[in-house]
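Presented below is the structure to which this report refers.
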Amino acid sequence: MRYTTISLIVMIAILVVGCGTPKVTVSYQNLAEQAVAEGNFEAATENWRLFFDQQLLEENEIAPEHYAQAGKMAFRANQPDLALDWFQQAEYGNYGDAGMYLDLAAIYRQQGNLQKELEALEFYYRNYQNETDLEGVNTRLFHIYTQMKDEQNALAFWPRMRLEDRKEEENLANYFAIQRQLKNESASDSIAEVLLEVNPQNVPALEWLGIKYYNQAEDRYQREMKKYETNRTRVQHIKLTQELKTVTADFQKALDYFKPLWEIDQNARYAAYLVNIYNRFEDPATANYYRKYLE
């Protein structure tokens with residue numbers, strides 16, 4: 001009986017020794033997953049680290065998706081360098097998923113590595129993007145292309161952005177600047193009007209439309225006056241009178257933009273336009289008021 005008892009104890013010990021190490025290894029992974037469920041990313045990260053250490057000690061192969069899972073927790077635990085290392089391990093194992101590349105892009109953005117962030121977001125766009133762009137990736141790509149002076153790619157991503165993002169002043173301002181750079185006047189006109197709906201004091205939009213209507217009016221005025229000077233007939237005078245109505249309307253439109261600009265900044269450049277507009281309105285008193293700001 002005593003021999004049987006000893007044999008049983010030995011067998012149990014052998015089983016404990018044989019099964020002990022895997023049991024500890026599995027517990028680290030379970031603890032990590034439990035910590036994730038509890039929202040404790042620091043604990044999850046530490047348990048993933050212990051899991052990897054144990055696996056390497058045992059010379060066991062580590063599934064690359066485990067590195068990706070751990071990297072996400074490390075990023076949320078404010079350990080971006082560790083997260084980046086684990087994400088790279090996942091990539092070496094030919095693994096990737098949407099969340100992993102979004103986190104990679106966020107890490108590179110924190111680091112100020114614009115090129116790496118761009119690569120991560122472009123990969124995400126090519127492989128995981130859906131129609132709705134819930135993560136705002138297309139908007140971020142628009143920002144990056146704008147920053148990198150890549151106007152064509154920026155323009156390509158504008159219609160792919162979320163509607164609410166295309167209504168934001170900063171994005172509209174960037175889009176407006178690109179269209180002006182490319183000398184797309186019709187598009188610039190319409191975007192300027194939208195910008196002023198969002199912010200009535202947007203200076204570039206006010207300047208664009210103010211100068212547009214001023215030039216339109218002044219060019220028509222000079223052209224029609226020249227016609228009349230070379231052909232002073234009654235018919236030509238009637239035509240001039242009709243054209244001057246349009247000139248006056250355009251100068252009034254220009255004035256509607258230059259007045260807010262003047263309220264924002266009383267500088268000589270705006271004063272010059274106001275002087276000329278009021279001269280065309282045959283209002284010398286008001287023209288003289290603005291003329292003193294030219295000195």
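Atom set for the values below is all heavy atoms of this structure, side chains included, hydrogens, waters and symmetry mates excluded.
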* Kindly indicate whether the side chain of Thr45, heavy atoms from C-beta on, has any atom under 4.5 Å from the side chain of Glu42. => no
* Asked: Salt-bridged, Lys167 to Glu164, with N to O below 4.0 Å?
  -> no
* Go through the steps for Leu141 and Met161 under the test side-chain contact (heavy atoms from CB on, under 4.5 Å), then give the verdict. => CA-CA 9 Å; Leu141 283 168; Met161 291 165 55; over 6 Å; no
* Asked: Does the distance from a Lys or Arg side-chain N to an Asp or Glu carboxylate O, for Glu243 and Lys227, drop under 4.0 Å?
  -> no
Report all side-chain donor-acceptor pairs from residues 189-198 shorter than 3.5 Å, counting only partners two or more places apart or in another chain.
from, atom 1, to, atom 2, distance (Å)
Asp189, OD1, Trp208, NE1, 2.6
Asp189, OD2, Lys212, NZ, 3.1
Ser190, OG, Ala187, O, 2.9

* Asked: What is the minimum heavy-atom distance between Ala287 and Asn279, and which atoms define it?
  -> CB-OD1, 3.4 Å
* **Student check: side-chain heavy atoms of Tyr175 and Phe142 closer than 4.5 Å** => yes
* To do: With the side chain counted from C-beta on, respond yes when Phe75 and Leu84 share a heavy-atom pair under 4.5 Å apart, and no when they do not.
  => no
* To do: In sequence, state the C-alpha distance, the side-chain angles, and the governing distance for Phe87 and Ile107, and then conclude on side-chain contact (heavy atoms from CB on, under 4.5 Å).
  => CA-CA 11 Å; Phe87 284 145; Ile107 291 170; 4.1 Å; yes
Residues 232-240 side chain polar contacts: donor-acceptor under 3.5 Å, at least two apart:
from, atom 1, to, atom 2, distance (Å)
Arg232, NH2, Glu229, OE1, 3.0
Arg232, NH2, Glu229, OE2, 3.1
Thr233, OG1, Gln236, N, 3.1

* Test item: Arg223 and Arg220 side chains (from C-beta on) under 4.5 Å apart, heavy atoms -> yes
* Nearest-0.5 Å distance, CZ of residue Phe51 to CG of residue Asp53 -> 11.0 Å
* Least distance between heavy atoms, Ala154 atom then Thr146 atom -> CB-OG1, 3.8 Å
* Asked: Do the side-chain N and O atoms of Asn113 and Glu117 include a donor-acceptor pair separated by under 3.5 angstrom?
  -> no
* **Check against side-chain hydrogen bond (donor to acceptor under 3.5 Å, both in side chains), Tyr92 and Gln88** => CA-CA 6 Å; Tyr92 294 151; Gln88 288 172 341; 4.7 Å; no
* Identify the heavy atoms of Pro159 and Arg166 that sit nearest to each other, and give their distance. => O-NH2, 4.0 Å
* Can you check whether Trp48 and His66 have ring centres sitting under 6.0 Å from each other? -> yes
* Asked: Which residue pairs pass the salt bridge (charged side-chain N to carboxylate O under 4.0 Å, His left out) test when at least one of the two sits in residues 82-111, sequence neighbours left out?
  -> Lys72-Asp97, Arg76-Asp103
Can you give each donor-acceptor pair under 3.5 Å made by side-chain atoms of residues 199-206, sequence neighbours left out, with the distance rounded to 0.1 Å?
from, atom 1, to, atom 2, distance (Å)
Asn199, OD1, Gln201, N, 3.0
Asn199, ND2, Glu169, OE2, 2.9
Asn202, OD1, Ala205, N, 3.1
Asn202, ND2, Glu169, OE2, 3.0

* Asked: Should we say atom CD of Gln181 is surrounded by more than 12 heavy atoms from elsewhere, each under 6.0 Å from it?
  -> no
* Asked: More than 12 heavy atoms of other residues, nucleotides or ligands under 6.0 Å from CD of Glu185: is that the case?
  -> no
* If you take all heavy atoms of Val137 and Asp133, which pair is closest and at what distance? -> N-OD1, 2.8 Å
* So Glu38 and Gln34, side-chain hydrogen bond (donor to acceptor under 3.5 Å, both in side chains) or not? Walk me through it. -> CA-CA 6 Å; Glu38 295 170 354; Gln34 182 180 345; 3.3 Å; yes
* Asked: Are the aromatic rings of Phe52 and Tyr67 close, with centres under 6.0 Å apart?
  -> yes
Mind listing the side-chain donor-acceptor pairs of residues 119-127 below 3.5 Å, one per line with the distance, residues two or more places apart or on another chain?
from, atom 1, to, atom 2, distance (Å)
Glu122, OE2, Tyr145, OH, 2.6
Tyr125, OH, Arg160, NH1, 3.3
Asn127, ND2, Phe123, O, 2.8

* Structure fact -> Output for pair (Tyr293 OH, Trp262 CH2), nearest 0.5 Å, gives 5.0 Å
* CG on Leu102 to CE on Met100, rounded to 0.5 Å -> 11.0 Å
* If you round to the nearest 0.5 Å, how far is CH2 of Trp86 from CD1 of Ile62? -> 10.0 Å
* To do: With the side chain counted from C-beta on, respond yes when Gln252 and Phe281 share a heavy-atom pair under 4.5 Å apart, and no when they do not.
  => yes
* **Residue that, paired with Thr246, satisfies side chain to side chain contact (heavy atoms under 4.5 Å, CB included) out of Leu244, Thr248, Asp250** => Asp250
* **Aromatic centroids of Phe251 and Tyr213 separated by under 6.0 Å** => no
* To do: Could you go through the side-chain contact (heavy atoms from CB on, under 4.5 Å) check for Thr139 and Glu168 one step at a time?
  => CA-CA 11 Å; Thr139 299; Glu168 290 185 4; over 6 Å; no
* **Student check: side-chain heavy atoms of Glu224 and Val247 closer than 4.5 Å** => no
* To do: Supply the atom-to-atom distance Asn60 CG to Gln54 CD, rounded to the nearest 0.5 angstrom.
  => 8.5 Å
* Structure fact -> Heavy-atom nearest pair, Ala35 first then Ala44, reads CB-N, 3.5 Å
* Beyond-backbone contact of Phe157 with Ile144, side-chain heavy atoms, under 4.5 angstrom -> no
* Assess whether side-chain contact (heavy atoms from CB on, under 4.5 Å) is satisfied between Met73 and Gln79, documenting all intermediate values. => CA-CA 9 Å; Met73 294 309 102; Gln79 298 185 53; over 6 Å; no
* Asked: Applying salt bridge (charged side-chain N to carboxylate O under 4.0 Å, His left out), which residue pairs with at least one partner in residues 266-281 are found, sequence neighbours left out?
  -> Glu207-Arg269, Glu218-Arg280
* **Non-hydrogen atoms of Pro64 and Tyr95 that approach each other most closely** => CB-CB, 3.7 Å
* Compare all side-chain heavy atoms of Asp165 with those of His143 and state whether any distance is below 4.5 angstrom. => no
* Asked: For the atom pair CG (Leu114) and CD (Gln147), what is the distance rounded to the nearest 0.5 Å?
  -> 5.0 Å
* Any side-chain donor-acceptor pair under 3.5 Å between Tyr270 and Gln266? -> no
